[in-house]
Amino acid sequence: MDSPSHTVLVVDDDPSIRFLCRVNLELDGWAVREAGTLDEARGELLEGDVGVVLLDVHVGTQSGIDYLDELRRDHPDVSVAMLTGSVGTPTLEGTRPDGVLAKPFTLEQLAETVRRLAPRTAHSAG
């Protein structure tokens with residue numbers, strides 16, 4: 001049985017990034033949901049049970065950075081790490097994500113970021 005804090009939502013318009021995250025996080029014991037658009041992400045979050053969101057800076061033509069403000073307002077208990085391919089992450093200035101995962105990232109960086117951001121109860125029992 002998955003607790004809310006045991007579920008990660010990967011929001012990226014690149015199916016290969018979502019697949020990479022899903023497979024590796026599931027191997028690490030996480031429940032993973034995917035969203036290829038911000039509308040899909042909104043729907044997944046309405047269903048609840050999400051502890052961590054991995055959010056791409058650019059989701060298609062939409063801005064993940066703008067969506068971060070909405071996430072903070074509507075889901076204040078969810079931790080958010082931004083996925084970015086921008087060197088030095090200049091596009092993130094002025095935002096307050098809980099973490100940043102620069103592309104390309106290693107599987108260890110992915111797992112460590114999720115472990116760090118998940119609520120304390122998430123992985124301690126597993």
Side-chain angles (χ1 to χ4, degrees):
M1 173 162 67
D2 292 321
S3 68
S5 56
H6 232 101
T7 302
V8 179
L9 174 61
V10 181
V11 184
D12 196 305
D13 60 319
D14 184 339
S16 63
I17 294 290
R18 294 194 315 268
F19 179 79
L20 173 85
C21 291
R22 181 174 53 82
V23 167
N24 288 284
L25 290 171
E26 285 177 348
L27 286 172
D28 204 28
W30 301 97
V32 180
R33 294 196 218 153
E34 299 178 39
T37 67
L38 295 184
D39 284 340
E40 289 176 10
R42 288 178 183 101
E44 290 291 339
L45 285 161
L46 284 176
E47 291 184 26
D49 296 340
V50 173
V52 177
V53 173
L54 302 179
L55 175 61
D56 194 17
V57 168
H58 302 287
V59 184
T61 59
Q62 297 180 298
S63 169
I65 295 170
D66 291 344
Y67 182 56
L68 179 60
D69 291 334
E70 181 182 326
L71 268 173
R72 293 285 188 231
R73 182 189 70 232
D74 297 344
H75 306 279
D77 296 334
V78 174
S79 297
V80 181
M82 299 301 294
L83 303 174
T84 178
S86 304
V87 176
T89 61
T91 55
L92 292 178
E93 289 178 16
T95 65
R96 296 234 190 296
D98 300 301
V100 176
L101 198 53
K103 296 177 188 175
F105 49 82
T106 67
L107 301 180
E108 292 79 16
Q109 290 169 323
L110 172 66
E112 193 282 325
T113 298
V114 171
R115 274 189 223 111
R116 184 173 50 82
L117 295 182
R120 250 178 241 182
T121 59
H123 228 223
S124 57

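Just the heavy atoms: all of them, side chains too, but no hydrogens, waters or symmetry mates, feed the values below.
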Under 3.5 Å donor-acceptor, [X] side chain and [Y] backbone:
X      : Y      : value
Asp13  : Gly60  : yes
Gln109 : Thr106 : yes
Arg18  : Asp12  : yes

Worksheet item: Taking all non-hydrogen atoms of both residues, which atom of Met82 and which atom of Asp56 are closest, and how far apart?
Response: CE-O, 4.1 Å
Fill in: Minimum heavy-atom distance Asp49-Thr7, with the two atoms named
O-CB, 2.8 Å
Worksheet item: With the threshold set at 4.0 Å, does a side-chain nitrogen-carboxylate oxygen contact exist between Asp28 and Arg115?
Response: yes
Worksheet entry | Side chain proximity check, Arg33 to Val10, heavy atoms < 4.5 angstrom | no
Worksheet item: Heavy atoms, side chains only, cut-off 4.5 Å: are Leu55 and Tyr67 in contact?
Response: yes
Practice prompt. Quick one: pull up OG1 in Thr37 and CD in Gln62 and give me the separation to the nearest 0.5 Å.
Written response: 6.5 Å
Item to complete: Give the intermediate values and the outcome of side chain to side chain contact (heavy atoms under 4.5 Å, CB included) for residues Leu54 and Leu9.
Response: CA-CA 6 Å; Leu54 302 179; Leu9 174 61; over 6 Å; no
Practice prompt. May I ask you to check whether Ser16 and Asp14 show a side-chain donor-acceptor distance below 3.5 Å?
Written response: yes
Discussion item. According to a hydrophobic-cluster definition based on side-chain heavy atoms being under 4.5 Å apart (Ile, Leu, Val, Met, Phe, Trp, Tyr only), do Val114 and Val23 belong together?
Written reply: no
Worksheet item: How would you list all residue pairs meeting salt bridge (Lys or Arg N to Asp or Glu O under 4.0 Å) that involve residues 72-83, not counting sequence neighbours?
Response: Arg72-Asp98
